[in-house]
Amino acid sequence: MARLVLKFGGTSVANIDRIRNAARHVKRELEAGHQVAVVVSAMSGVTNQLVDYCKQASSLYDQKEYDAVVASGEQVTSGLMAIVLQEMGFDARSWQGWQIPLRTNDAHGSARIQEIDGSRLIEAISGGQVAVIAGFQGIAPGDRIATLGRGGSDTSAVAIAAAIKADRCDIYTDVDGVYTTDPRIVPKARRLDRVAFEEMLEMASLGAKVLQVRSVELAMQYKVRTFVRSSFDDPDSVGVDSHGNPPGTLICDEDEIVEAEVVTGIAASKDEAQISLRRVADRPGVAASVFGPLAAESINVDMIIQITSPDGATTDITFTVPAIDHERAIKVLEATREKIGHFGIESSTDVVKVSVIGLGMRSHAGVAAEAFRALASKSINIRAITTSEIKISVLIDAPYTELAVRTLHSAYGLDKQ
Ligand code: ADP
Ligand code: ASP
Ligand code: MG
């Protein structure tokens, strides 16, 4: 007997038929003798609709009320899943975040989990009841409902798996695992059997939305065995292999990966804005005067390039910030003109960051050079570059995204044979 968390994403609970199908996966695990906690997302499209209602109600809506509105999608599916399981003859009940309780901080809209008391859930599932938990939500200080940021049900699932000491956390979604890149963009993408936590963290934070970044951090921290798998597999014909692994991708420790690939995957993120400062005075302390105020406003600067202007006396500084901080960043920069003198500001949100990720990069030279060569062969211009031990990111013009991802995917030999 094992204790399992099964998480179903939006497309997997998009209507009552899909909920019934998801429930058949739950049934299979129950009949194998396992204890099961289920975490559900809102039906696909519902959260977007709820966010849109908030925007229509006010352009400057209160984040606490936003959370009250958007958390409701998961409340609906948790109840529906419990009803369907009951109809199939199982003992099941729904749990909202506050009932567990799953406590968060007060960063409404993208709250972080602070504490989960797993005792009531453990008591329920040990007695044979299925706990159907509304993902994405918790309770913040002041007893206000909070949500965990878009895609946050993944994080609910992994955090609950850690809190109830589950043997496995299965993330059921609309693809049968983690691929070398988004399989909807590159049909030649290959499914990966295993991905190391560090690689998955980079892939998720650089645009692969298959798992929320925070869920990977928690899986890594608490050593939760996390599998990404398909809810569309026939529930009656899937089982576990001789190692007890279900079909899908295991997110695991590096030492569980037999042979690290040089490059594991390619990701693309549209959530970037490029800002270029033209003809900034070229003297010590200028970079600090530019980036200090941005940091003080918690605006995260990623790629940075500085080049001397053609006149030799000034410098051009180009960098990226998250697209949502674009306008705020411009305001902050305009204010710094008083301190360091006049400079021009140009910016664009029509840019994309494409990244190449792989643990094996640590021990291989020439990986970046290969990316530059491949992109040049398609005449794709690189606006900025940033690297870390296991990733290389380049900023390019948005219209070239698909071409760049496909080109890099082939260049590193990732295409399905
Ligand atoms: P859910 O609603 O189940 O949470 P999401 O839409 O959040 O599902 O995530 C699944 C989607 O992630 C897939 O449909 C796929 O298009 C996308 N995706 C992006 N990158 C990858 C990748 N490297 N591997 C698998 N899926 C990916
Ligand atoms: N329903 C939420 C969203 O769409 C959370 C989730 O599905 O993970 O962002
Ligand atoms: Mg998701």
Side-chain angles (χ1 to χ4, degrees), residues 6-14 18-19 22 25 39-52 54 66-67 69-78 97 109-111 133-138 146-160 169-195 199-216 226-232 248-249 251 263-270 354-358 401-402 405 408-409 414 416:
L6 277 61
K7 179 259 176 179
F8 295 95
T11 27
S12 306
V13 293
R18 296 254 176 100
I19 294 177
H25 286 283
V39 174
V40 286
S41 287
M43 290 165 146
S44 121
V46 166
T47 310
N48 285 347
Q49 174 72 74
L50 295 169
V51 171
D52 194 53
C54 292
Y66 163 93
D67 275 350
V69 173
V70 300
S72 66
E74 273 71 10
Q75 173 161 347
V76 171
T77 31
S78 61
S110 56
I133 299 153
F136 186 48
Q137 51 160 278
T147 63
L148 308 178
R150 296 307 305 269
S153 297
D154 297 328
T155 301
S156 309
V158 174
I160 284 162
C169 179
D170 287 354
I171 306 284
Y172 284 85
T173 182
D174 54 4
V175 283
D176 61 355
V178 177
Y179 279 67
T180 47
T181 193
D182 190 339
R184 297 192 196 287
I185 296 178
V186 181
K188 285 185 185 159
R190 267 193 291 123
R191 190 166 67 83
L192 297 159
D193 282 340
R194 294 175 175 217
V195 182
E199 288 172 321
M200 195 64 234
L201 258 185
E202 292 284 10
M203 284 174 75
S205 50
L206 295 168
K209 71 161 188 168
V210 60
L211 285 176
Q212 199 198 35
V213 179
R214 188 78 188 118
S215 71
V216 187
T226 304
F227 287 86
V228 176
R229 55 187 298 188
S230 170
S231 68
F232 300 133
T249 302
I251 318 297
V263 171
T264 308
I266 315 284
S269 160
K270 249 218 104 346
V354 178
S355 306
V356 176
I357 299 130
T401 311
E402 284 193 37
V405 172
L408 293 170
H409 198 265
L414 299 176
K416 186 160 61 186

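Start at 1 and go down the list; that is how both ligands and their atoms are numbered.
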Considering only non-hydrogen protein atoms, determine which one is nearest to [atom] and report residue, atom name and distance to 0.1 Å.
| atom | answer |
| --- | --- |
| atom 8 (O) of ligand 1 | T173 OG1, 3.1 Å |
| atom 16 (O) of ligand 1 | D182 OD1, 2.8 Å |
| atom 2 (O) of ligand 1 | G10 N, 3.1 Å |
| atom 11 (C) of ligand 1 | D174 OD1, 3.9 Å |
| atom 5 (P) of ligand 1 | K209 CE, 4.0 Å |
| atom 25 (C) of ligand 1 | G177 O, 3.4 Å |
| atom 27 (C) of ligand 1 | V210 CB, 3.7 Å |

Considering only heavy atoms, does [X] approach ligand 1 within less than 4.0 Å through its side chain, its backbone, both, or neither?
| X | answer |
| --- | --- |
| T180 | neither |
| R184 | side chain |
| P183 | side chain |
| V175 | side chain |
| M200 | neither |

Looking at [X], which atoms of ligand 1 are within less than 4.0 Å of one of its heavy atoms?
| X | result |
| --- | --- |
| A208 | 20 (N) |
| Y179 | 22 (C), 23 (N), 24 (N), 25 (C) |
| K7 | 4 (O) |

**Study point:** Heavy-atom nearest option to atom 4 (O) of ligand 2, drawn from M43, Q137, R150
**Key:** R150
Using modelled atom types and a 3.5 Å cut-off, is there a donor and acceptor pairing between side-chain atoms of [X] and backbone atoms of [Y]?
| X | Y | value |
| --- | --- | --- |
| T155 | S215 | yes |
| T226 | C169 | no |
| Q137 | G97 | yes |

Review point. Which ligand 2 atoms does E74 reach within 4.0 Å, using its non-hydrogen atoms?
Key: 1 (N), 2 (C), 5 (C)
Review point. Which atoms of ligand 2 sit under 4.0 Å from any heavy atom of S41?
Key: 6 (C), 7 (O), 8 (O)
Check your understanding: In terms of side-chain geometry, is the basic nitrogen of K7 or D170 positioned less than 4.0 Å from the acidic oxygen of its partner?
Key -> no
**Study point:** Pairing of D174 and R18 as salt bridge, 4.0 angstrom limit
**Key:** no
Check your understanding: Cut-off 3.5 Å, side chains only: do Y172 and R229 have a donor facing an acceptor?
Key -> yes
**Study point:** Close approach of G151 to ligand 2, heavy atoms, under 4.0 angstrom
**Key:** yes
Practice item. Could you tell me whether ligand 2 has any atom less than 4.0 Å away from a heavy atom of G152? Key: yes
Review point. Minimum heavy-atom separation for V175 to P183, with atom names?
Key: CG1-CG, 3.9 Å
Review point. Of all the heavy atoms in S153, does at least one lie under 4.0 Å from an atom in ligand 1?
Key: no
Check your understanding: Should the proximity of Q212 to ligand 2, defined as any heavy atom under 4.0 Å, be assigned to the side chain, the backbone, both, or neither?
Key -> neither
**Study point:** S12, any N or O under 3.5 Å of ligand 1 N or O
**Key:** no
